[in-house]
Amino acid sequence: MDVLNFPFNGIVVPIKNKPVILAVDNDEDNRVLAALAVEQVLDCRAIVAADGKTAISLAHLSQPDLILLDILLPDLNGKEVVRRLKQHPDTQAIPIIAVTALAQPQDRTSILAGGCDDYLSKPYMLEDLEAVIRRHLRMPSLI
């Protein structure tokens, strides 16, 4: 990844002028997969967070163009993260895509009603992740 790593709090700051996507997941493998897809497939810059509090801080600090957000996080759940980000003027317009293992129809309805702009259930196909990101960033499809 083309990023500058700071030795504190796991903050990763992009160093090129490309769309920035914040991937939030408590599972390291899921964070790595999302970051690789963002960087390699979409040619965007990825920043990552493992918990809700860090996600909120990074969203305010880096103003990403889009957030991929797991709902089941260890500190603040994803719904609370969405609520806080959508209430703040600096972050309320950032599209938030729920990427979650909560896959029941009522989960999807609740998550979207809670403020997420879109929903993707785990496990997902990389093509589906790419499509949802392209749609919200208004990036042309490669197909």
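Note that the CG atom of Leu72 and the CG atom of Asn77 stand 8.0 Å from one another [nearest 0.5 Å]. A distance of 9.5 Å separates CD1 of Ile71 from CG of Asp107, quoted to the nearest 0.5 Å. The NZ atom of Lys79 lies 7.0 Å from the CG atom of Leu102; values are rounded to the nearest 0.5 Å. Rounding to the nearest 0.5 angstrom, the gap separating the CZ atom in Arg84 from the NZ atom in Lys53 is 7.5 Å. Summarising the geometry, atom CG belonging to Leu129 is positioned 7.5 Å from atom CG belonging to Leu33; distances are rounded to the nearest 0.5 Å.
Minimum heavy-atom separation, Asp118 to Arg135: OD2-NH2, 2.7 Å. In terms of heavy-atom proximity, Tyr119 sits nearest to Ala103 at OH-CA, 3.1 Å. Between Pro64 and Ala59, the shortest heavy-atom contact is CD-O, 3.5 Å. In plain terms, the two heavy atoms of His60 and Leu85 that are nearest each other are NE2-CD2, 4.2 Å. Nearest approach of Leu73 to Ala50, heavy atoms of both residues: CD2-O, 4.3 Å. Taking every heavy atom of both residues into account, Gly52 and Asp75 meet most closely at N-OD1, 2.8 Å.
Side-chain contact check for Val81 versus Leu69: some heavy-atom pair is nearer than 4.5 Å. For the pair Ile21/Leu137, a side-chain contact is recorded, criterion being any heavy-atom separation below 4.5 Å from C-beta on. Two residues are said to be in side-chain contact when any heavy atoms from C-beta on lie closer than 4.5 Å; Gln87 and Gln92 fail this criterion. In this structure, the side chains of Asn30 and Val99 stay at 4.5 Å or more apart for every pair of heavy atoms.
For the side-chain contact (heavy atoms from CB on, under 4.5 Å) with Pro19, the qualifying choice from Asp65, Ile133, Leu66 is Asp65, the only one to do so.
Using a distance-only test at 3.5 Å, with no hydrogens or angles considered, a donor-acceptor pair links the side chain of Ser62 to the main chain of Leu58. Panel note: side chain Lys122, backbone Thr100; no donor-acceptor pair is recorded below 3.5 Å. For the pair Gln63 (side chain) and Asp90 (backbone), a donor-acceptor distance under 3.5 Å is present. The main-chain N or O of Thr54 is found under 3.5 Å from a side-chain atom of Asp51 such that the two form a donor-acceptor pair. Between the side chain of Arg31 and the backbone N or O of Asp25 there is at least one donor-acceptor pair closer than 3.5 Å. Side-chain atoms of Lys86 never come within 3.5 Å of backbone atoms of Ala93 as a donor-acceptor pair (strictly under, hydrogens ignored).
A donor-acceptor contact closer than 3.5 angstrom is absent between the side chains of His136 and Asp117.
Under the 4.5 Å side-chain heavy-atom criterion for Ile, Leu, Val, Met, Phe, Trp and Tyr, Leu112 and Ile96 are members of distinct hydrophobic clusters. Hydrophobic clustering keeps Leu68 apart from Ile111 (ILVMFWY residues linked when any side-chain heavy atoms are closer than 4.5 Å, directly or through intermediates).
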For the pair Ile94 and Leu22, evaluate side chain to side chain contact (heavy atoms under 4.5 Å, CB included) and give the outcome as yes or no after the intermediate values. CA-CA 10 Å; Ile94 300 170; Leu22 170 58; over 6 Å; no
Under the side chain to side chain contact (heavy atoms under 4.5 Å, CB included) criterion, do Asp70 and Val24 qualify, and how do the steps go? CA-CA 6 Å; Asp70 186 13; Val24 184; 5.6 Å; no
